[in-house]
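Just so we're on the same page: letters track the sequence lines, and every chain starts at 1.
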Number of protein chains: 2
Amino acid sequence: MFSKACKYAINAMIYISTLPGGNDRVSLKDISKAINSPEAFTAKILQVLVRENLLSSIKGPNGGFEIHEDGRKTQLYRIVQVIDGDQIFIGCALGLEKCSEDHPCAVHNKFKAIREHLAGMMLTTSLEDMAKGIKNGTNFLKI
Amino acid sequence: MFSKACKYAINAMIYISTLPGGNDRVSLKDISKAINSPEAFTAKILQVLVRENLLSSIKGPNGGFEIHEDGRKTQLYRIVQVIDGDQIFIGCALGLEKCSEDHPCAVHNKFKAIREHLAGMMLTTSLEDMAKGIKNGTNFLKI
DNA sequence: TTTATAAAGGATAAAAATATCTTAAATATC
DNA sequence: GATATTTAAGATATTTTTATCCTTTATAAA
Ligand code: FES
Ligand code: FES
C-alpha cells in the first residue's frame, strides 16, 4: 500500500507529535529509536518533510525536529502525498495512463468506492488524532 | 497499491478470459499486445500463474494460454495473492511486524475498515465479471 | 523424422527503492 | 573564537523490482 519511506514518515510524524512541543525538539536518533527505523534513511525522509514544511528542524546542540501547534492538524493524506505522491489517490489501480470515467479499467467502478473510502479517511485523520492513541498507550509505533 | 507484475497479471487474466475458450489458445505475444505490457516480463508472470493453476498453457504450434470454464470463476483476490502475496490483506499498513487488535498501529482501526472493504470487493469479483465489461466495450485493458 | 512454433527456465541487465557513509553547514556552549 | 552537537547534502552501496536475452523443452504439422 505505502512505501517503507512513507511508513517511516507517518510513524515519525506521529511520534514527534506526541511530544510536548514548546521549546523541546527531538533528535533523529530518538525518532528512529522510537519507530524502529534505519537512522540514515529516516534522516533523508525527514529532510523531505522539512523541505515541504510539514516539520521544522534546528541544527546544533539541543537541535532536532519539532512540529508546531498547527502542524499537528496535518492530515495523513498530506504526508502520503508528499512521500509517495498521489497515484494511490488518483492513479488507475490497473496501470492505465490515467483513471477516468471515460476510459475505465476493468475494476474502475469497484475501486473508485474503495479509493474514496481511503482518501476520505486520510483527509479526516490528523497527526493530533493519531498521536492521541499513542500517548494513552492504546496504539503503538513499533514491533 | 499493486506491483506492476500484479497489474499485468490481472489484465492478462482478464484478457484471456474474454476469449472464446474451447480449443483456442492465445499467445504471449497477443496477450502483451492486448494489455500493453513488456513481453518477456509478462512471460515470467504467466509462468507463475500457470504453476499456481490459475491458467493453463500448451507449448508448440497453436499453443498458448487458456483459462477453462471454472477458471473464470477465479477471484481477483486470488490473483493478487499469488503475485503480490497477501500483505495487502493481512499486513500492517504502517509496517508493524503483524497487524493485530492487541498491538494496533496508529491507523489500525481506521484501516481495518478499508482493508475489509478492499478484501470483500476482491473476493466477490471474478474474472468472468471483469471480462464482461471488456467484451462489451465498457471497460479497457490498455492506454 | 524433420522443421517450425510457442512456452519454460535460467542467466543477466537496468531501474527503482532502500540503506549507509562522509562531508558540510548551522548553532549552542564553553 | 574554539569545540561539540545536530541536521543537510551529496556520494555510494545494497536490495528489490522490472525487464531482457538465450537456451531448453514440448508439440503440431509437413
Ligand atoms: S481507470 Fe482504473 S481505477 Fe479508474
Ligand atoms: S496493526 Fe497496523 S493495520 Fe493493524
Side-chain angles (χ1 to χ4, degrees), chain A residues 1-13 16 19 23-33 35-67 80 82-85 87-88 91 94-95, chain B residues 1-13 15-16 19 23-67 80 82-85 87-88 91 94-95:
Chain A
M1 185 84 90
F2 305 126
S3 69
K4 282 190 170 194
C6 190
K7 293 173 187 173
Y8 297 149
I10 295 168
N11 280 320
M13 290 290 282
I16 302 167
L19 301 175
N23 286 8
D24 266 6
R25 287 136 212 154
V26 60
S27 71
L28 168 62
K29 188 173 291 193
D30 288 348
I31 295 169
S32 49
K33 205 169 290 170
I35 70 173
N36 190 33
S37 66
E39 207 173 304
F41 188 48
T42 306
K44 290 298 181 193
I45 298 160
L46 294 178
Q47 274 175 41
V48 176
L49 296 169
V50 168
R51 213 178 298 139
E52 295 288 332
N53 291 303
L54 302 195
L55 187 61
S56 68
S57 72
I58 297 185
K59 291 178 185 173
N62 306 317
F65 297 89
E66 186 181 7
I67 296 178
V80 172
V82 162
I83 303 298
D84 277 353
Q87 282 307 294
I88 194 165
L94 295 187
Chain B
M1 185 84 90
F2 306 128
S3 68
K4 281 191 171 193
C6 191
K7 293 172 188 175
Y8 296 150
I10 295 169
N11 280 321
M13 290 290 283
Y15 174 64
I16 302 167
L19 302 174
N23 286 8
D24 266 4
R25 288 136 212 157
V26 60
S27 71
L28 169 62
K29 188 172 294 197
D30 287 348
I31 294 169
S32 48
K33 204 168 292 171
I35 69 172
N36 189 34
S37 66
E39 208 172 304
F41 187 46
T42 306
K44 292 296 181 195
I45 298 161
L46 294 177
Q47 275 175 40
V48 175
L49 295 169
V50 168
R51 214 177 298 139
E52 295 288 331
N53 290 305
L54 302 195
L55 189 62
S56 68
S57 70
I58 296 184
K59 292 178 186 175
N62 306 319
F65 298 88
E66 187 180 6
I67 296 177
V80 173
V82 161
I83 303 297
D84 277 353
Q87 282 308 295
I88 193 164
L94 295 187

What is the distance from [atom1] of [X] to [atom2] of [N], rounded to the nearest Å?
| X | N | atom1 | atom2 | answer |
| --- | --- | --- | --- | --- |
| A/D30 | D/dT7 | CG | C1' | 14 Å |
| A/L55 | D/dA8 | CG | C1' | 13 Å |
| B/Q47 | D/dA19 | CD | P | 16 Å |
| A/R25 | D/dT5 | CZ | C1' | 13 Å |
| A/F41 | D/dT12 | CZ | P | 19 Å |
| B/K44 | D/dT16 | NZ | P | 19 Å |
| A/I58 | D/dA4 | CD1 | P | 22 Å |
| B/L28 | D/dT20 | CG | P | 12 Å |

Any donor-acceptor pair under 3.5 Å linking the side chain of B/D24 with the backbone of B/L19?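 Pair absent, no side-chain N/O of B/D24 close to backbone of B/L19.
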*May I ask you to decide if A/S57's main-chain N or O and A/R25's side chain share a donor-acceptor pair within less than 3.5 Å?*
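Not confirmed, A/R25 side chain does not pair with A/S57 backbone.
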- Query: Does any nucleotide pair with D/dA30 by Watson-Crick or G-U wobble geometry, both distances under 3.5 Å, and what is it?
  - Reply: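 Check on D/dA30: paired to C/dT1, both distances under 3.5 Å.
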A/L49 versus A/A9, closest heavy-atom pair with distance: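 In this case the closest contact between A/L49 and A/A9 is CD1-CB, 4.0 Å.
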Pair B/T42, B/S37: side-chain N/O donor-acceptor within cut-off below 3.5 Å: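 B/S37 and B/T42 do have a side-chain donor-acceptor pair below 3.5 Å.
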Walk along DNA chain C from 5' to 3' and tell me the first and last nucleotide with an atom closer than 4.0 Å to a non-hydrogen atom of chain B.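 Endpoints of the contacted stretch of DNA chain C: C/dA4 to C/dA11.
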### Query
Taking the nucleotide of DNA chain C with the closest heavy atom to each, which residue, A/S3 or A/P61, is nearer the 5' end?
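So the residue in question is A/S3.
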### Position toward the 5' end of DNA chain C (nearest nucleotide), A/F2 or A/N62
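The residue whose closest nucleotide sits nearer the 5' end is A/F2.
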* Quick one: is D/dT5 close enough that its OP1 or OP2 comes under 4.0 Å of any side-chain N or O from A/S27? ->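 For D/dT5, OP1/OP2 do not have a side-chain N/O of A/S27 under 4.0 Å.
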Check whether any side-chain heavy atom of B/C6 lies under 4.5 Å from a side-chain heavy atom of B/I10, and answer yes or no.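 When only atoms from C-beta onward are counted, B/I10 and B/C6 do touch, with a gap below 4.5 Å.
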- request: Check whether any side-chain heavy atom of B/L55 sits under 4.5 Å from a side-chain heavy atom of B/E66, and report yes or no.
  value: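 B/L55 vs B/E66: side chains apart.
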Side chain to side chain contact (heavy atoms under 4.5 Å, CB included) between A/Y8 and A/I83: does it pass, once the steps are laid out? CA-CA 10 Å; A/Y8 297 149; A/I83 303 298; over 6 Å; no
